[in-house]
Amino acid sequence: MAADIERMRHSFAHVMAEAVQHLYGGVKFGIGPAIEDGFYYDFLFPKPVTDEDLRTIEKEMRRIMAQNQSFVREEVSREQAREIFRDQPFKLELIEGLEEGTISIYKQGDFVDLCRGPHVESTKELKADAFKLKTIAGAYWRGDEKRPMLTRIYAYAFASKADLEAYLHMLEEAERRDHRKLGKELDLFSTHEEAGPGLIYWHPKGGRVRVELEKWWREEHYKNGYEILFTPHIGKSWLWETSGHLGFYKENMYSPMKIDEDEYFIKPMNCPFHMMIYKTSSHSYRDLPLRWAELGTVYRYERSGVLHGLMRVRGFTQDDAHIICTPEQIEDEILEVLRFSLSMWKTLGFKEIKAYLATRPADSVGEPERWDQALVSLRKAIDKEGLPYEIDEGGGAFYGPKIDLKVKDAIGREWQMTTIQFDFNEPERFDMTYVDKDGKQKRPYMVHRALLGSIERFFGVFIEHYAGAFPAWLMPDQVAVIPVAPTFDEYAKEVTANLRGKGIRAKAMLSEERMNAKIRDAQNQKIPYMVILGQREQDERTVSLRLRTGGQENGIALDAFTARALEKIETKALDL
RNA sequence: GCCCCUGUAGCUCAGUUGGCAGAGCAUAUCCAUGGUAAGGAUAAGGUCAACGGUUCGAUUCCGUUCGGGGGCUCCA
């Protein structure tokens with residue numbers, strides 16, 4: 001099936017190229033592969049094309065498909081291929097790059113393409129209503145910004161109309177959940193281009209979520225044997241030279257500022273600061289493991305074109321930690337971190353998690369035995385937890401192997417969040433040691449880890465996962481108290497005060513709006529519990545409860561409701 | 001950074017071949033005593049991103065700059 005759809009998509013790409021050839025004389029062809037949700041083809045057009053052209057091209061594609069053109073494979077010699085594509089500089093370049101042997105071309109209609117195949121037999125196998133041209137985008141030839149920029153046309157393509165529609169529906173759903181849109185609607189955060197793109201401003205409501213999250217995060221870290229550090233935001237160049245960042249991470253660091261006669265850099269990572277603390281005293285094996293965590297705010301340069309809401313920013317807070325331990329402890333430590341991470345994702349309501357194990361790249365530092373031991377401990381931990389995983393061969397950083405965890409959200413998208421990385425670089429550079437049982441100075445292992453990744457990015461994923469309707473414990477407003485008429489404002493205030501006294505974030509909606517408008521407002525703000533009260537409730541000291549999920553229960557004793565809400569909040573329940 | 005699209009009130013958007021700017025929501029004031037997703041009226045709110053050009057006249061056309069969105073990894 002997977003191969004079939006890929007073949008169809010690739011064939012669609014050829015049909016699009018044929019359509020383009022018919023419509024635009026002198027066009028030069030790049031490449032046109034199948035991709036995850038369709039296909040694209042890169043062209044060099046003689047004149048600029050716009051979105052308008054997409055419809056024209058689509059129409060021509062449908063016309064071609066209606067002719068039931070066959071895809072015909074032929075094998076030609078290198079010389080013949082050069083002759084066939086003599087006017088196609090990109091194809092000629094591709095031919096030069098081909099290994100010895102036969103060169104295949106595919107023909108359909110009056111279009112010929114250099115192509116390995118395979119393709120469908122005929123355009124008959126392609127559904128004219130199962131594709132849709134998406135966008136025009138610029139793309140450098142072979143992804144190299146020094147080469148010419150071609151015009152790439154992206155398209156969605158599926159085996160059937162139903163599949164295409166289901167996919168488009170998912171995209172609509174993604175748009176509905178877009179954290180930038182919800183962030184604005186729910187008044188959670190903002191960004192300000194005039195004050196600097198890629199920098200996040202947390203509003204009071206976003207702040208509430210963050211404070212609750214961090215409070216929990218700190219408690220969990222203390223429970224799991226961590227200590228929490230606070231370190232500076234800037235450090236002298238000595239620090240970054242020692243850590244090596246000025247060597248291998250400079251492109252992501254901001255220009256230094258001068259203080260007195262020294263250059264200081266704003267931190268892109270927290271680790272060198274933690275190293276400094278480690279170095280303030282000598283350490284015995286008895287002190288290890290050390291688990292030092294910090295919600296450390298770092299700044300990294302990202303090119304302007306890649307910034308995206310909360311997901312890709314220039315300043316963010318990592319939920320960072322460094323684990324410093326002996327070789328004997330490393331396996332247990334990795335397992336502990338992995339378990340800790342999984343338990344956090346479970347509490348947050350993310351159920352499907354997949355691991356990616358990245359191994360040693362060609363250029364790397366550190367002794368091979370350490371790499372081997374590290375990899376074994378990573379793999380064992382994954383196995384013990386029974387996580388599905390893939391191996392990313394050679395995908396580790398030069399300073400150590402790592403596990404990345406990707407979590408799947410409510411609409412099936414995977415997000416890379418947790419990362420657990422060995423570091424064989426900094427312990428050397430900072431000459432970290434501990435005194436072992438035998439009285440000798442030894443080099444500890446160090447692991448960097450971030451569980452949520454960054455608070456900003458996590459919040460973005462969290463917003464999209466829940467479409468803004470978070471579990472009650474993380475909701476900025478947990479209860480909306482709505483009197484049916486101003487006559488009952490006093491009782492509403494009393495109920496609100498009562499709830500707030502118990503630590504529940506309740507707000508009385510006392511404006512002159514009608515009750516219906518207040519309910520609508522509370523519902524749009526996704527407040528989990530709406531408490532509605534009038535004469536009957538006041539007389540009986542009860543409330544009428546409406547849930548944001550639509551359920552409704554009348555005549556609940558105030559105490560009973562309070563107990564229920566408290567229970568859901570304190571247990572971090574995912575339901576109401 | 002580069003390519004395509006885009007920039008009108010706090011927000012979401014209209015604005016028809018260039019003729020002194022519009023709606024809804026939100027805000028303010030007033031009226032409405034109301035039972036589970038918008039009660040009504042009035043008012044206030046904009047150098048139409050900025051700068052330059054064409055024109056009698058530019059939100060509208062052209063250019064530049066500054067933002068925003070989608071791409072720039074998927075190798076015949």
Side-chain angles (χ1 to χ4, degrees), chain A residues 6 9-10 13-14 17 29-45 48-54 81 85 88 90-99 103-106 112-117 119 134-154 175 178 180-181 184-185 187 190-197 302-309 480 482-489 511-525 530-537 544-548 550-554:
Chain A
E6 205 174 315
R9 285 173 175 152
H10 191 183
H14 279 224
F29 297 93
I31 58 170
I35 52 174
E36 198 182 331
D37 57 3
F39 61 91
Y40 69 77
Y41 209 113
D42 287 342
F43 307 99
L44 185 61
F45 285 99
V49 294
T50 65
D51 287 344
E52 307 273 309
D53 293 283
L54 293 185
F85 297 105
Q88 292 295 336
F90 302 115
K91 296 295 177 190
L92 288 174
E93 186 180 327
L94 292 172
I95 291 168
E96 293 318 309
L98 291 179
E99 287 166 24
I103 290 176
S104 59
I105 59 172
Y106 274 83
V112 189
D113 204 356
L114 179 69
C115 184
R116 178 169 49 200
H119 279 282
K134 177 170 55 164
T135 48
I136 293 175
Y140 297 105
W141 172 237
R142 312 208 120 181
D144 182 347
E145 52 190 291
K146 292 181 189 70
R147 312 293 306 269
M149 174 154 292
L150 308 184
T151 302
R152 174 170 298 178
I153 299 180
Y154 277 98
E175 202 172 323
D178 190 316
R180 294 164 301 178
K181 183 166 162 273
K184 204 182 275 186
E185 284 172 12
D187 201 12
S190 58
T191 56
H192 301 272
E193 303 322 318
E194 62 278 30
E302 297 284 357
R303 295 194 298 173
S304 61
V306 306
L307 299 175
H308 181 83
I482 302 173
V484 302
T487 323
F488 309 107
D489 279 4
S511 72
E512 295 186 346
E513 290 296 329
R514 293 190 55 203
M515 178 202 66
N516 288 316
K518 291 177 189 173
I519 288 172
R520 184 185 145 85
D521 187 28
Q523 192 76 46
N524 285 337
Q525 287 178 58
M530 282 161 272
V531 149
I532 290 146
L533 25 89
Q535 191 64 55
R536 199 163 65 235
E537 288 77 9
S544 167
L545 176 64
R546 178 191 164 107
L547 302 174
R548 72 175 169 210
Q552 190 186 326
E553 296 166 49
N554 296 328

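A, B, ... follow the sequence lines: proteins, then strands. Residue 1 opens every chain. Heavy-atom basis, side chains included; hydrogens, waters and symmetry copies ignored.
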Per-nt protein contacts along nucleotides 71-76 of chain B (heavy atom under 4.0 Å; B base, S backbone sugar-phosphate only, - none) come out as BBSBBB
Along nucleotides 8-14 of chain B, 5' to 3', which nucleotides get a B, which get an S, and which get a -, given that the test is a protein heavy-atom distance under 4.0 Å? ---SS--
Below 4.5 Å, heavy atoms only, C-beta onward: do A/Q525 and A/R548 meet side chain to side chain? no
[atom1] atoms of [N] and [M], separation to the nearest Å:
N     : M     : atom1 : result
B/G1  : B/G15 : C1'   : 35 Å
B/U33 : B/G40 : P     : 15 Å
B/C3  : B/U65 : P     : 10 Å
B/A38 : B/C31 : P     : 24 Å
B/C25 : B/A9  : C1'   : 12 Å
B/U17 : B/C61 : C1'   : 12 Å
B/U8  : B/A14 : P     : 10 Å
B/A58 : B/U73 : P     : 44 Å

Output field: ring centroids A/F39/A/Y41 closer than 6.0 Å: no
What does A/Q525 touch in the nucleic acid at a heavy-atom separation under 4.0 angstrom: a base, only the sugar-phosphate, or nothing? nothing
Using a 4.0 Å heavy-atom cut-off across all strands, classify A/E185 as base, sugar-phosphate, or nothing. nothing
Just N and O in the side chain of A/R546: are any of them under 4.0 Å from OP1 or OP2 of B/A37?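 Yes, because at least one side-chain N or O of A/R546 sits under 4.0 Å from OP1 or OP2 of B/A37.
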Could you tell me how the ring of A/H119 sits relative to the ring of A/H10: parallel (under 30°), tilted (30 to 60°) or perpendicular (over 60°)? tilted
Taking N or O atoms only and anything under 3.5 Å, show me the protein contacts with nucleotides 38-44 of chain B, one pair per line.
from, atom 1, to, atom 2, distance (Å)
B/A38, N7, A/R520, NE, 3.3
B/A38, N7, A/R520, NH1, 3.1
B/A38, N7, A/R520, NH2, 3.2
B/A38, N6, A/R520, NH2, 2.3
B/A38, N1, A/R520, NH2, 3.2
B/G39, O4', A/R514, NH1, 3.3

